[in-house]
Amino acid sequence: VALILDALGIARHAGIEFGKEEGAVEPQGKEKVSTEEREALLLFKNGENEQFAASLSSIKRIEKVTADQLERVGEIEFITIDRVSTRILHLEEFLPVSSGTNSREFFLILPKNVKTHCGIRISKLIDVGSFTLALNREGFDEKGLKGSSLIKNQLTLILDMEKILDQAEERWHAR
């Protein structure tokens with residue numbers, strides 16, 4: 001048994017607020033296309049090209065998976081987690097992004113508050129932390145994305161977990 005401390009949660013509970021990151025640039029001009037906020041995020045990659053972020057508040061847990069654990073029914077992939085058959089979702093099925101890598105090991109993001117047991121396959125974990133978001137909602141207007149932001153000096157697509165899961169549910173019911 002291992003305890004995992006949520007440092008950001010402890011700081012919030014203690015009433016400690018972190019200031020803006022040093023060198024953060026404020027958008028210029030009368031109209032701001034973005035909104036700035038600080039959010040606890042998981043940074044990850046799906047394929048080789050894009051960096052994604054997902055809100056930690058929407059993630060139940062992350063599982064490390066090996067290819068030999070997968071089961072297939074037609075084109076659909078499943079894995080058994082906690083004795084429950086869990087459907088594997090691929091981001092490239094819902095968003096115009098590069099395909100995930102076909103490595104022997106990958107990670108599965110298990111979302112909170114879902115009707116159907118499913119997880120989102122990702123290829124690489126990058127970081128977990130609290131980041132300042134200058135959210136640009138106009139750059140990527142795709143169902144399944146909240147927008148984009150520059151995080152760690154890289155364009156990052158901010159995943160809207162609820163909308164991805166809604167799209168998956170719609171497809172399953174349409175079949």
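Residue indices begin at 1 and follow the sequence shown. Since we're looking at a predicted model, the values are computed, not measured.
Ile79 places a side-chain heavy atom less than 4.5 Å from the side chain of Val65. Side-chain contact between Ile88 and Ile76 is absent, with no heavy-atom pair separated by less than 4.5 Å. Side-chain contact between Val114 and Glu162 is absent, with no heavy atoms from C-beta onward closer than 4.5 Å.
Residue Asn113 places its CG atom among 12 or fewer non-hydrogen atoms of other residues, nucleotides or ligands, all under 6.0 Å distant. Heavy atoms from other residues, nucleotides or ligands lying under 6.0 Å from CD of Glu48 number 12 at most. Lys112 NZ: more than 12 foreign heavy atoms inside a 6.0 Å radius. In the displayed structure, Glu39 atom CD is contacted under 6.0 Å by more than 12 heavy atoms of other residues, nucleotides or ligands. Counting heavy-atom neighbours within 6.0 Å of Asn153 CG, excluding the residue itself, gives a total of 12 or less. For Lys124, the NZ atom sits in a loose shell: 12 or fewer heavy atoms of surrounding residues, nucleotides or ligands are nearer than 6.0 Å.
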*Quick one: do Arg104 and Thr66 satisfy side-chain hydrogen bond (donor to acceptor under 3.5 Å, both in side chains)? Show the steps, please.*
CA-CA 6 Å; Arg104 296 241 346 109; Thr66 58; 5.6 Å; no
*Determine, step by step, whether Thr80 and Glu71 satisfy the side-chain contact (heavy atoms from CB on, under 4.5 Å) criterion, reporting the C-alpha distance in whole Å, the side-chain angles of both residues, the deciding distance to 0.1 Å, and the verdict.*
CA-CA 9 Å; Thr80 302; Glu71 297 180 52; 3.6 Å; yes
_Residues Thr86, Phe78; criterion side-chain contact (heavy atoms from CB on, under 4.5 Å); working and verdict_ = CA-CA 5 Å; Thr86 303; Phe78 291 90; over 6 Å; no
*Report the C-alpha distance between Thr116 and Glu169 in whole Å, list the side-chain angles of each, state the deciding distance to 0.1 Å, and finish with yes or no for side-chain hydrogen bond (donor to acceptor under 3.5 Å, both in side chains).*
CA-CA 8 Å; Thr116 308; Glu169 287 282 334; 2.5 Å; yes
_Pair Leu42-Ile59, side-chain contact (heavy atoms from CB on, under 4.5 Å): steps then yes or no_ = CA-CA 9 Å; Leu42 168 70; Ile59 298 173; 3.8 Å; yes
_Test log, rule side-chain contact (heavy atoms from CB on, under 4.5 Å), inputs Phe44 and Val128_ = CA-CA 9 Å; Phe44 62 92; Val128 174; over 6 Å; no
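Interatomic distance, CD1 of Ile164 versus CD of Glu93, reported as 10.0 Å (0.5 Å rounding). For the atom pair CG of Asn46 and OG of Ser123, the computed distance is 6.0 Å after rounding to the nearest 0.5 Å. Remark: Phe106 CZ to Glu63 CD distance equals 11.0 Å, nearest 0.5 Å. Between the CG atom of Leu125 and the NZ atom of Lys64 there is a distance of 9.0 Å, given to the nearest 0.5 Å. Rounded to the nearest 0.5 angstrom, Lys163 NZ and Leu95 CG are separated by 12.0 Å. Of the inter-residue distances, the one linking Asp160 atom CG with Phe94 atom CZ reads 13.0 Å to the nearest 0.5 angstrom.
In terms of modelled atom types and a separation under 3.5 Å, the side chain of Ser149 and the main chain of Gly147 share no donor-acceptor contact. Counting only distance, with no hydrogens or angles, the side chain of Glu50 and the backbone of Ser98 share a donor-acceptor pair below 3.5 Å. With hydrogens and angles disregarded, no donor-acceptor distance shorter than 3.5 Å links the side chain of Thr156 to the backbone of Gln51.
Linking Ile, Leu, Val, Met, Phe, Trp and Tyr residues whenever their side-chain heavy atoms come within less than 4.5 Å leaves Leu91 and Leu70 in two separate clusters. Both Leu155 and Phe52 belong to a single network of hydrophobic side chains, linked directly or stepwise wherever heavy atoms of I, L, V, M, F, W or Y lie under 4.5 Å apart. The cluster map of Ile, Leu, Val, Met, Phe, Trp and Tyr, joined by side-chain heavy atoms under 4.5 Å apart, puts Ile81 and Ile122 in different clusters.
Salt bridge annotation for Glu170-Lys143: present, with a cationic side-chain nitrogen under 4.0 angstrom from a carboxylate oxygen.
Of all the heavy atoms in Leu43 and Lys152, the pair that sits closest is CD1-CD, 4.0 Å. Heavy-atom minimum distance, Leu110 versus Cys118: CD2-O, 3.8 Å. Closest heavy-atom contact between Glu92 and Val97: CB-O, 3.7 Å. The two atoms that bring Pro111 and Gly119 nearest to each other are CD-CA, 4.3 Å, heavy atoms only. Residues Phe131 and Ile151 come closest through the heavy atom pair CD2-CG2, 3.7 Å. The shortest heavy-atom contact between Leu165 and Leu89 is CD2-CD1, 3.8 Å.
In this structure, the side chain to side chain donor-acceptor pair (under 3.5 Å) partners of Glu77, at least two apart in sequence or on a different chain, are Arg72, His90. Residues passing the side chain to side chain donor-acceptor pair (under 3.5 Å) test with Asp82 are Arg61, sequence neighbours excluded.
Counting Ile, Leu, Val, Met, Phe, Trp and Tyr side chains that sit under 4.5 Å apart, directly or through other members, Leu150 stands alone, with no cluster partners.
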